[in-house]
Undergrad: 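Just passing along the structure, written as structure tokens.
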Protein chains: 2
Amino acid sequence: MDIFARPIAIRRTQAERSALSDVRMVDAAIGLMASRGISGMTLKEVGELAGYSRAMAGWRFGTKANLCAFIIRTVGDEWLRALNEAVRNKHGLAAIHAATDAHSRFVHDGAERIRVFYMLWFHSTGPDPELKQVIVKVHERRQRDVEAWIEQGISAGAVREDAEVKTVAAQFCATIIGIVYQWLVEPTAQHQIHDLHQGLKQQMSRALARDITDAKRPQQEQE
Amino acid sequence: MDIFARPIAIRRTQAERSALSDVRMVDAAIGLMASRGISGMTLKEVGELAGYSRAMAGWRFGTKANLCAFIIRTVGDEWLRALNEAVRNKHGLAAIHAATDAHSRFVHDGAERIRVFYMLWFHSTGPDPELKQVIVKVHERRQRDVEAWIEQGISAGAVREDAEVKTVAAQFCATIIGIVYQWLVEPTAQHQIHDLHQGLKQQMSRALARDITDAKRPQQEQE
DNA sequence: ATCGTCTTTCTTGTTGCGAACAAGTAAATA
DNA sequence: TATTTACTTGTTCGCAACAAGAAAGACGAT
């Protein structure tokens, strides 16, 4: 009977315990940053909101920067996985269009996680090497993905051979970041964000399409 | 003789005193942020580095956020003035190309002030309304300038009439921001930054040029 | 299974630093 | 000289960061 009297203090393995506290604290931190900004998120509150003590977050992650890095890695992975899912089996312009549409959709849905992910992304512009390392990794991987799509498109004959792969990929990534910035600053202008994504697709078409006619077709694939 | 014994405690008007301390503190703050990042800049050090006491910066600006806002306004104005100088008397594509080249040049020169300005720019992505207000203003003004260039180009007959002014201007601004982000994260890759600017010019040509031949000419105006 | 020991997870206690404000001093204005 | 404006010293509060202790899982021995 005291089996029932005891609250739901389920017995968990240690690995389960840390995993659980990790996700609880990440969720808490994301919630706090989404509502109060990055500087408004405090390790103390993260611990307490996650159902632990003051110092829990500090103890697990050491420093606030470490927690942020962990969040970037975590959400960044989810994010890359979702994007790759959307692009599955496509290559060349089709892949880029699919990725852009997926990006537009995700951003439109406006999940807290993504918003905070990009907030952190933009916060790592200082000379502090800590966060930057992580960001640069995610960033490089993104750009490599885009380059791969273009190269696959070239070898499949769907993209013009003389396309400057690295430059175009860099432009794509830069524009995506610019669009995200707009979104973060003015989350209400969903229409504009959508237009910017469409414009990006068009721009990539003009840069990569084999012939003029391909590039001219604006291709409103989404919605 | 004690006129000479006394250090250079020149008699200044009160307006001069505040103006002087303002520029000293802004310089100090920019220096600190450039070397240690935004969170590494402390009001205490700003005051002392500027030659005053601990609390000087806090007293003058009230809060750290206010100091940052002040810096954004100050440098933002310098920046807009320099850009407008570079574009003087141009319109349409020529103006946009000139602005892009100027931007590329400024960023290449890599003045501390600009770097910090953009660091602050990217830091204001949270839900904190304080800094965001200022940024949004600078941002809107920028976009209006670009729209004006395009419209002038249209009425002068140099830009196609069916150009979607607002959308293209927004794309231009977004891409600039994306490029700046790249620069902040990887300041070493100057070559890439230059390429991105050139690519942006080409992209704008394709979007705005009256006929295809105009758009095809890559126009390496810079350097 | 049950006990005792070791390890990992988490908590309470403390320190130091910076932001923010309050109350005082010095310099300029009139 | 009186008043306003520019600046300084003194203090409080909150957070990050660490240290030392408590509780909960792991694991071998009986």
Side-chain angles (χ1 to χ4, degrees), chain A residues 2-3 6-29 32-33 36-71 120 123 126 128 130-131, chain B residues 2-3 6-26 28-29 32-33 35-71 120 123 126 128 130-131:
Chain A
D2 51 5
I3 295 174
R6 190 184 305 180
I8 324 106
I10 305 169
R11 180 175 177 103
R12 297 183 200 276
T13 128
Q14 312 225 105
E16 284 170 341
R17 271 173 65 178
S18 349
L20 182 63
S21 49
D22 268 3
V23 331
R24 276 183 179 164
M25 287 195 288
V26 165
D27 286 352
L32 285 169
M33 287 195 272
R36 294 187 219 164
I38 293 176
S39 57
M41 178 270 281
T42 133
L43 289 178
K44 183 177 158 247
E45 276 176 307
V46 169
E48 288 169 347
L49 188 59
Y52 301 89
S53 77
R54 259 179 27 217
M56 178 62 176
W59 182 82
R60 174 67 52 83
F61 297 103
T63 103
K64 191 171 167 176
N66 278 346
L67 168 55
C68 290
F70 184 80
I71 291 177
L120 289 169
H123 254 255
D128 342 291
E130 340 145 5
L131 274 189
Chain B
D2 53 4
I3 294 173
R6 192 184 302 180
I8 325 105
I10 305 168
R11 182 176 174 101
R12 296 182 201 276
T13 133
Q14 311 227 98
E16 282 171 342
R17 272 171 67 178
S18 346
L20 182 62
S21 50
D22 267 2
V23 331
R24 277 184 178 162
M25 287 196 288
V26 165
L32 285 169
M33 288 194 273
S35 55
R36 294 187 219 163
I38 293 176
S39 57
M41 178 270 280
T42 133
L43 289 178
K44 183 176 156 247
E45 277 176 306
V46 169
E48 287 169 348
L49 188 60
Y52 300 89
S53 75
R54 257 179 30 219
M56 178 63 175
W59 183 82
R60 173 67 53 82
F61 297 103
T63 103
K64 191 171 167 175
N66 277 346
L67 169 55
C68 291
F70 184 80
I71 292 177
L120 288 170
H123 254 254
D128 342 291
E130 340 145 4
L131 273 189

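Worth saying up front: this structure is predicted, and the values here are computed from it rather than measured. Every chain is numbered from 1 and lettered A, B, ... according to where its sequence line falls, protein lines coming before strand lines.
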Undergrad: Extract all donor-acceptor atom pairs below 3.5 Å that involve side chains of residues 44-51 of chain A and protein atoms in other chains or at least two apart in sequence.
TA:
unit_1: A/Glu45; atom_1: OE1; unit_2: A/Arg36; atom_2: NH1; d: 3.0
unit_1: A/Glu45; atom_1: OE2; unit_2: A/Arg36; atom_2: NH1; d: 2.6
unit_1: A/Glu45; atom_1: OE2; unit_2: A/Arg36; atom_2: NH2; d: 3.2

Undergrad: Quick one: B/Arg36 CZ to C/dC17 P, roughly how many Å, whole number?
TA: 14 Å
Undergrad: Once you round to the nearest 0.5 Å, how far does CG of A/Asp27 lie from CG of A/Asp22?
TA: 10.5 Å
Undergrad: Let me confirm one number: the CD1-CE distance from B/Ile71 to B/Met25, rounded to the nearest 0.5 Å.
TA: 10.0 Å
Undergrad: If every non-hydrogen atom of A/Leu43 is compared with every non-hydrogen atom of A/Gly58, which pair is closest and at what distance?
TA: CD1-CA, 4.1 Å
Undergrad: Report the distance from atom CD of B/Glu48 to atom C1' of D/dT8, rounded to the nearest whole Å.
TA: 12 Å
Undergrad: If you look at every strand shown and take non-hydrogen atoms under 4.0 Å, does A/Ser53 touch a base, only sugar-phosphate, or nothing?
TA: base
Undergrad: Between A/Leu67 (CG) and D/dC15 (P), how many Å, whole number?
TA: 15 Å
Undergrad: Taking CE from B/Met56 and C1' from D/dT5, how many angstroms apart are they, rounded to a whole number?
TA: 11 Å
Undergrad: Roughly how far, to the nearest 0.5 Å, is the NE2 atom of A/His123 from the OG atom of A/Ser39?
TA: 6.5 Å
Undergrad: I need the CG-C1' distance between B/Leu20 and D/dT5, as an integer number of Å.
TA: 16 Å
Undergrad: So how far is it from A/Ser18 OG to A/Arg60 CZ, rounded to the nearest 0.5 Å?
TA: 5.0 Å
Undergrad: Please state whether the phosphate of C/dC10, meaning OP1 or OP2, lies under 4.0 angstrom from any side-chain nitrogen or oxygen of A/Ser21.
TA: yes
Undergrad: Rounded to whole angstrom units, what separation is found between the CD atom of B/Glu16 and the P atom of D/dC7?
TA: 12 Å
Undergrad: For nucleotides 19-30 of chain C, give me one character per nucleotide, 5' to 3': B if any protein heavy atom sits under 4.0 Å from the base, S if the only such contacts are to the sugar-phosphate, - if neither.
TA: SS------SSB-
Undergrad: If I take atom CZ in residue A/Arg60 and atom C1' in nucleotide C/dT11, what distance separates them, rounded to the nearest angstrom?
TA: 13 Å
